Amino acid sequence: MIKSKIRVLYFVDRFLQGGIQTLLWNIATSIDRDSFEIEFLCLDDGKTYPMEQDLAGMGFKVTKLDGIWLDSPVSFLRYRKALDAFFRSSGHFDIVHVHSTGKNYQVLEAAKAFGCVVRILHSHNTGYMTSNQVKARLGNMLNRKASALTTNRFACGKEAGQWMFGDDFGYRPEDIILRNAVDCSKYRYDFQIRQSVRDELNLDDEKRVCINIARLAPVKNHAFLLEAFSKALQQNKELVLLIVGDGALKNELSNKIGSLGISDNVKLLGFRKDVADLLQAADCFVMPSIHEGLPFVLVEAQAAGLPCLISDGVTKEAALLPTTVEAGLDCPLSVWAERIVEVADAERFAEPACLLAQRGYDLQTEIKRLEEYYRCALSS
């Protein structure tokens, strides 16, 4: 018999800014809290992120496994002990929903050992953040191990599901695609917000503003973006590039901006909470990532009606509007420069909310699907 309130634990490695974290925030703020008791578990990279504090301020319990970060073989040994202690002290969870690759298989293993009936592994990627083949083979092995511990397989899109679980993903009843849906009303075009943000950033009306929102990590391909943007400036000197996000490459990218001589046209904005407002200020969105699952921020950019330029490393499922165009990463920089100029001059898509909803990207609809799926999984 299903209890009146279903207890769900969400795992994510950390609460830095990213698509997974945005999804979890949307779930937390939209799910029926009279029916579901939500908690969060994460690892400890030595930092405290704003989202941890925001969730706690909303009344959610957020547990960090103190001192546990998967950076050595020894840490994997300590990990299971910490998980056992957590589950022992926390009591029974009906559902454990892991947003990670297989490297965190021990969360599922511990959940099973402590009697959790529904164990979900959720894929958000279509590739590894490393080019090291040994690490990739290890990752494949851990993905298989984690998959064997699940009762249900989730993914943000078909390609992400097949990358994690194999080509048979999508052909079983327990396979679910949970779309990275958004509340489109948050992104509806607002001229006053646009002007306010552009004033804050000292952007006059003549500027054509490109925006990229991502962790400053190699897989996001910012160095390539800067090279292409530098060439685009040769065609249109009124272009400005906003790079939103933080990460290990911040200093390297700052130096590259200086060496390319484009400091007056590129702004590194760091971590920002006002993504929806920044999208209002922009004229186009550019994502040259080496690979992506189904990137949440691309859905947000399209919900704002922005013309988007994406690489062929981004899953084609993510192109939801006709104003979203692709360029291959093997194309010359001159081609990317031309495309940047074109999307920067293109018109915003009017009323994108209807088309996104038709394609399944309405947040409230997806949350209702998730709630119903949780109930069905427990009753089966």
Side-chain angles (χ1 to χ4, degrees), residues 12-23 45 47 49 99-101 123-132 135-136 139 156-157 159-160 163 180 209-232 240-257 259-260 262 266-273 275 278-279 282 284-302 306 308-319 324-331 333 336-337 339-340 343:
V12 63
D13 61 353
R14 53 185 169 177
F15 282 102
L16 83 175
Q17 184 186 33
I20 297 174
Q21 290 78 7
T22 303
L23 173 64
D45 67 351
K47 300 177 183 178
Y49 296 94
H99 295 264
S100 174
T101 59
S123 177
H124 296 268
N125 298 305
T126 56
Y128 295 109
M129 290 188 292
T130 178
S131 58
N132 185 307
K135 289 183 178 180
C156 60
E159 288 184 34
W163 174 78
N180 288 341
V209 179
C210 309
I211 191 168
N212 171 274
I213 304 170
R215 285 177 294 108
L216 306 186
V219 70
K220 303 302 181 179
N221 215 11
H222 287 98
F224 179 91
L225 172 60
L226 291 173
E227 294 274 3
F229 182 76
S230 177
K231 289 189 175 296
V240 173
L241 174 61
L242 306 179
I243 296 179
V244 183
D246 210 344
L249 297 184
K250 182 177 181 179
N251 290 337
E252 180 180 321
L253 294 175
S254 181
N255 291 337
K256 189 170 185 67
I257 290 167
S259 67
L260 288 169
I262 56 176
V266 181
K267 297 177 184 288
L268 291 174
L269 299 185
F271 172 80
R272 299 278 295 233
K273 288 186 176 182
V275 166
L278 289 169
L279 291 171
C284 69
F285 179 83
V286 184
M287 174 176 275
S289 301
I290 295 170
H291 63 76
E292 292 278 355
L294 204 153
F296 208 107
V297 70
L298 178 56
V299 180
E300 292 179 296
Q302 291 172 106
L306 289 182
C308 298
L309 172 61
I310 62 176
S311 75
D312 56 356
V314 180
T315 174
K316 290 177 173 55
E317 297 168 85
T324 297
V325 297
E326 179 187 294
L329 287 173
D330 58 353
C331 289
L333 286 170
W336 273 83
R339 295 286 178 85
I340 288 172
V343 294

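Bear in mind that the values here come from a model prediction, so they are computed numbers and not experimental data. When a residue number appears, it is its place in the shown sequence, counting from 1.
- Counted within 6.0 Å of NZ on K250, heavy atoms from surrounding residues, nucleotides or ligands total 12 or fewer; the atom is thus considered open.
- Minimum interatomic distance between N180 and V299 (heavy atoms only, all atoms of both residues): O-CG1, 3.5 Å.
- Side-chain atoms of L278 and L269, non-hydrogen and from C-beta on, do get closer than 4.5 Å to each other.
- Between F229 and the choices L241, I257, I243, V286, the side-chain contact (heavy atoms from CB on, under 4.5 Å) rule is met once, by L241.
- Here CG of N221 is found 11.5 Å from CE of M287. Values are rounded to the nearest 0.5 Å.
- For the pair F285 and V297, the minimum side-chain heavy-atom distance is below 4.5 Å.
- Note: K231 NZ to L260 CG = 10.0 Å, rounded to the nearest 0.5 Å.
- Evaluation of the side-chain hydrogen bond (donor to acceptor under 3.5 Å, both in side chains) rule for K273 yields D54 as partners, not counting sequence neighbours.
- When the side-chain hydrogen bond (donor to acceptor under 3.5 Å, both in side chains) test is applied to T315, the partners found at least two apart in sequence or on another chain are E159, E317.
- S230 OG to L225 CG: the interatomic distance, rounded to the nearest 0.5 Å, is 11.0 Å.
- Atom OG of S254 sits about 12.0 Å away from atom CG of L249, to the nearest 0.5 Å.
- Legend: residues meeting side chain to side chain contact (heavy atoms under 4.5 Å, CB included) with I20, ordered by chain and number and at least two apart, are V12, L24, H99, H124.
- Across P295 and A318, no two heavy atoms sit closer than the pair CD-CB, 4.1 Å.
- In this structure, the side chains of C210 and I340 come closer than 4.5 Å at one or more pairs of heavy atoms.
- Side-chain atoms of D246 never come within 3.5 Å of backbone atoms of L216 as a donor-acceptor pair (strictly under, hydrogens ignored).
- In terms of heavy-atom proximity, Y49 sits nearest to F15 at CB-O, 3.3 Å.
- Listed by chain and residue number, E227 satisfy the side-chain hydrogen bond (donor to acceptor under 3.5 Å, both in side chains) test with K256 (two or more places apart in sequence, or in another chain).
- Residue P288 comes nearest to L329 through the heavy atom pair O-CD2, 3.5 Å, listed as atom of the first residue, atom of the second, then distance.
- With sequence neighbours excluded, the residues forming a side chain to side chain contact (heavy atoms under 4.5 Å, CB included) with T324 are Q302, C308, I310, A319, L321, listed by chain and number.
- The distance from atom CD1 of I213 to atom OG1 of T22, rounded to the nearest 0.5 Å, is 9.5 Å.
- R14 is linked by a side-chain hydrogen bond (donor to acceptor under 3.5 Å, both in side chains) to D45, counting only residues two or more places apart in sequence or in another chain.
- Take F224 and apply the ring pair (Phe, Tyr, Trp, His ring centres under 6.0 Å) test, not counting sequence neighbours, and it matches W336.
- Taking A282 as the reference, V209, I211, L306 meet the side chain to side chain contact (heavy atoms under 4.5 Å, CB included) condition, with sequence neighbours excluded.
- Distance check, rounded to the nearest 0.5 Å: CG of L333 to CG of L226 gives 11.0 Å.
- Judged as a side chain to side chain contact (heavy atoms under 4.5 Å, CB included), and not counting sequence neighbours, the contacts of S100 are F11, V98, K103, N104.
- Note on residues 288-297: pairs passing side chain to side chain donor-acceptor pair (under 3.5 Å), not counting sequence neighbours, are K220-E292, S289-E292.
- Within the 4.5 Å cutoff, side-chain heavy atoms of V314 are placed close to those of L298.
- Here H222 pairs with nothing under the ring pair (Phe, Tyr, Trp, His ring centres under 6.0 Å) rule; sequence neighbours left out.
- Closest approach of V275 and E300 over heavy atoms only: CG1-OE1, 4.1 Å.
- Scored by the salt bridge (charged side-chain N to carboxylate O under 4.0 Å, His left out) test, K135 finds no partners at all (sequence neighbours excluded).
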